[in-house]
Structures are given as structure tokens and as C-alpha cells.
Undergrad: 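Mind looking over this structure? Questions follow.
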Amino acid sequence: MDMRSHRRLGLIFTVAMAALLLLPAVATPAKDAGGAKNVVGIEFLGEVVVPTGISFDGTEVGGLSSITYDAGRGVYYALSDDQGNRPTGDPVRYYTVAIDLADGTLGSGDVEFVDVTQIFESKKTPFAPGGLDPEGFTLGREGFFFMSSEGNIFADPIIDPFIRRYNRNGRVTATLPIPDKYIPNGSDKGVRFNLAFESLNPTPDGRSLATAGEGALFQDGPASSFTEGSLARILLYDLRKRTPIGEY
């Protein structure tokens, strides 16, 4: 997200929390999905707003762009979309969050930030200020995280979008190759500014990873508007081979 996102920090987390609470009303086994369920109904349980300016462990909480659940540990992980270039000097990071749904509702006092972990560009090297635009964040089948960045076509040089795998300590363990058609030149090829890899999720069997752009690549056609739509691509990876296997 761009700097406009920092004016709606609380709202972003409200939306993320609301998404968490759309619980299945009815579920049936899905074929060949390793025990996964098909959700056919949802129920809204509540919401929590985290006010702008709230701090945790020396960092400002806010601008949380993605959230993922760890069933084994019973906690959630929320990615900050901080690009590391704010005056506060906070690092690129994710938060571990405890959410209490024991009474079947979500309300004040049910959300607790319990840890914060810095995410590095490579080994122990921090990201340069503005060196990424963190968006998607999801827990993989083997306990690794995957994170996507939209990049920045207005940076000099251009910062390419990426998808990387991280361990729990925020260290890179693998980089997924991005097809050349997505790599921007800033004018007529690749992703547009702030319209790249916003989403990131594994398939129910844990074997594949899907991401999607927010709008058309330059070569796919005009950008969408309030009155005109545009094409968008869904890109699917094989996580065992860590290679793209399909587009939709």
C-alpha cells in the first residue's frame, strides 16, 4: 500500500479482524484436499479496532495488511505494511497476536499483541528504507511464512515485486521466481504501482501457493477505474518445486 494507507490504520485491522470471524456455519469434506473443508456459510462474530498510534515493544502497530492463523500454536500472525521508511524508524515486521473467541464473540479485550519479529531482506541484513511494499503474508504447510511485496515502479532504480519464504525468525529461506511478464519497466510492461501481489494463500492441500494482482499488467490493458473494470491475473506456484505452474 502507499502512504495513504497510514491514514486508515485502525480501519485496515478492523477489516482483517472481521475476515477472521467469518466462521463456517456448515462444512463438508472436500475431495483430495487433505481433510480441508468446503465453507458454505459464514457467521459474523464481531470486530475490534486498534487505534492509530498504539505501540507494542517499541514499534507502532498499524497498517496491518495481512493476517494468517497458526492452528498448531493457536495464534495469529499479522504483517505490518510499513515499508521501513517512516520517521519512527520501525523495521519491516510481523506481529504475533492472541485472539480470544472462547465465548463465541469478538469484542474489546479479546485481541492481545504478544510478540513482534523483524523481517530481513537477506540473512541478517535489514531492508533498506522503502525497499519493499509488504502486502501478502501466509503460513505455509511446513511452518514457514510466505510474504509478497508489490515493489515500487517509481523508485530509482525500480523495485521489483517479489514472493519469498521466511522462517519464524524473519530470515529468508527461499525466493520464488517471478515470471518476466510481471517485472515492471515503469511504462508499458509489468505490474502497475500499488497494483501487484496483494494477496497470498496456500491451497487447502498445502501443495500450491496462489497470489493475485490488483489490476491489469501494463500489457494487459488499461487500469481499472470506478466506472471501468480490468483484467487481473492469478498466479499459482508448486511449493515443492517452487515454480509457477499456472495462471488464471
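Side chains included, hydrogens not; waters and symmetry mates left out as well; all remaining heavy atoms used. For clarity, every value in this text was computed on a predicted model and none was experimentally measured.
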Undergrad: Tell me whether Gln219 at atom CD has more than 12 heavy atoms from other residues, nucleotides or ligands lying less than 6.0 Å away.
TA: yes
Undergrad: To the nearest 0.5 Å, what is the distance between CG on Asn152 and CG on Leu132?
TA: 10.0 Å
Undergrad: Is there a donor-acceptor pair closer than 3.5 Å between any side-chain N or O of Thr203 and the backbone N or O of Ser208?
TA: yes
Undergrad: Is the backbone of Phe120 close enough, under 3.5 Å, to the side chain of Arg171 for a donor and an acceptor to pair up by distance?
TA: no
Undergrad: Applying side chain to side chain donor-acceptor pair (under 3.5 Å), can you list everything that pairs with Arg73, at least two apart in sequence or on another chain?
TA: none
Undergrad: Output all residues satisfying side chain to side chain donor-acceptor pair (under 3.5 Å) with Ser225, sequence neighbours left out; order by chain, then residue number.
TA: Thr227
Undergrad: With Arg242, which residues qualify under salt bridge (charged side-chain N to carboxylate O under 4.0 Å, His left out), at least two apart?
TA: none
Undergrad: Apply the hydrophobic cluster definition, ILVMFWY joined by side-chain contacts under 4.5 Å directly or through others, and give me every member besides Leu239.
TA: Phe146, Ile163, Leu176, Ile178, Tyr182, Ile183, Val191, Phe197, Leu200, Leu209, Leu217, Leu235, Tyr237
Undergrad: Does any part of the side chain of Ser66, heavy atoms only, come nearer than 4.5 Å to the side chain of Pro134, both counted from C-beta?
TA: no
Undergrad: Do Asp70 and Arg168 sit within salt-bridge range, that is, some charged N less than 4.0 Å from a carboxylate O?
TA: yes
Undergrad: In Å, rounded to the nearest 0.5 Å, how long is the span from CG of Asp82 to CG of Leu64?
TA: 10.5 Å
Undergrad: Listed by chain and number, what are the side chain to side chain donor-acceptor pair (under 3.5 Å) partners of Thr125, not counting sequence neighbours?
TA: none
Undergrad: With sequence neighbours excluded, what pairs up with Asp180 under the salt bridge (charged side-chain N to carboxylate O under 4.0 Å, His left out) test?
TA: Lys189
Undergrad: Tyr77 and ring-ring contact (aromatic ring centres under 6.0 Å, His included): which single residue from Phe145, Tyr95, Phe137 fits?
TA: Phe145
Undergrad: Using the test salt bridge (charged side-chain N to carboxylate O under 4.0 Å, His left out), find all partners of Glu247 that sit at least two apart in sequence or belong to another chain.
TA: Lys181, Arg233
Undergrad: Does some side-chain heavy atom of Pro179 sit less than 4.5 Å from a side-chain heavy atom of Pro244?
TA: yes
Undergrad: Look up atom OG in Ser230 and atom CD in Glu214, then write down how far apart they are to the nearest 0.5 Å.
TA: 10.0 Å
Undergrad: Drop me the distance from Phe56's CZ to Asp90's CG, to the nearest 0.5 angstrom.
TA: 12.5 Å
Undergrad: Taking only residues two or more places apart in sequence or in another chain, which ones pass ring-ring contact (aromatic ring centres under 6.0 Å, His included) with Phe154?
TA: Phe193
Undergrad: Quick one: which residue pairs count as a side chain to side chain donor-acceptor pair (under 3.5 Å) with a foot in residues 155-167, not counting sequence neighbours?
TA: Arg165-Thr173
Undergrad: Under a single-linkage rule joining Ile, Leu, Val, Met, Phe, Trp and Tyr whose side-chain heavy atoms are separated by less than 4.5 Å, which residues share a cluster with Ile158?
TA: none
Undergrad: To the nearest 0.5 Å, what is the distance between CZ on Phe218 and CG on Asp188?
TA: 8.0 Å
Undergrad: Using the salt bridge (charged side-chain N to carboxylate O under 4.0 Å, His left out) criterion, which residues pair with Asp110? Sequence neighbours excluded.
TA: none
Undergrad: Tell me, please, which residues at least two apart from Ser108 pass side chain to side chain donor-acceptor pair (under 3.5 Å).
TA: none
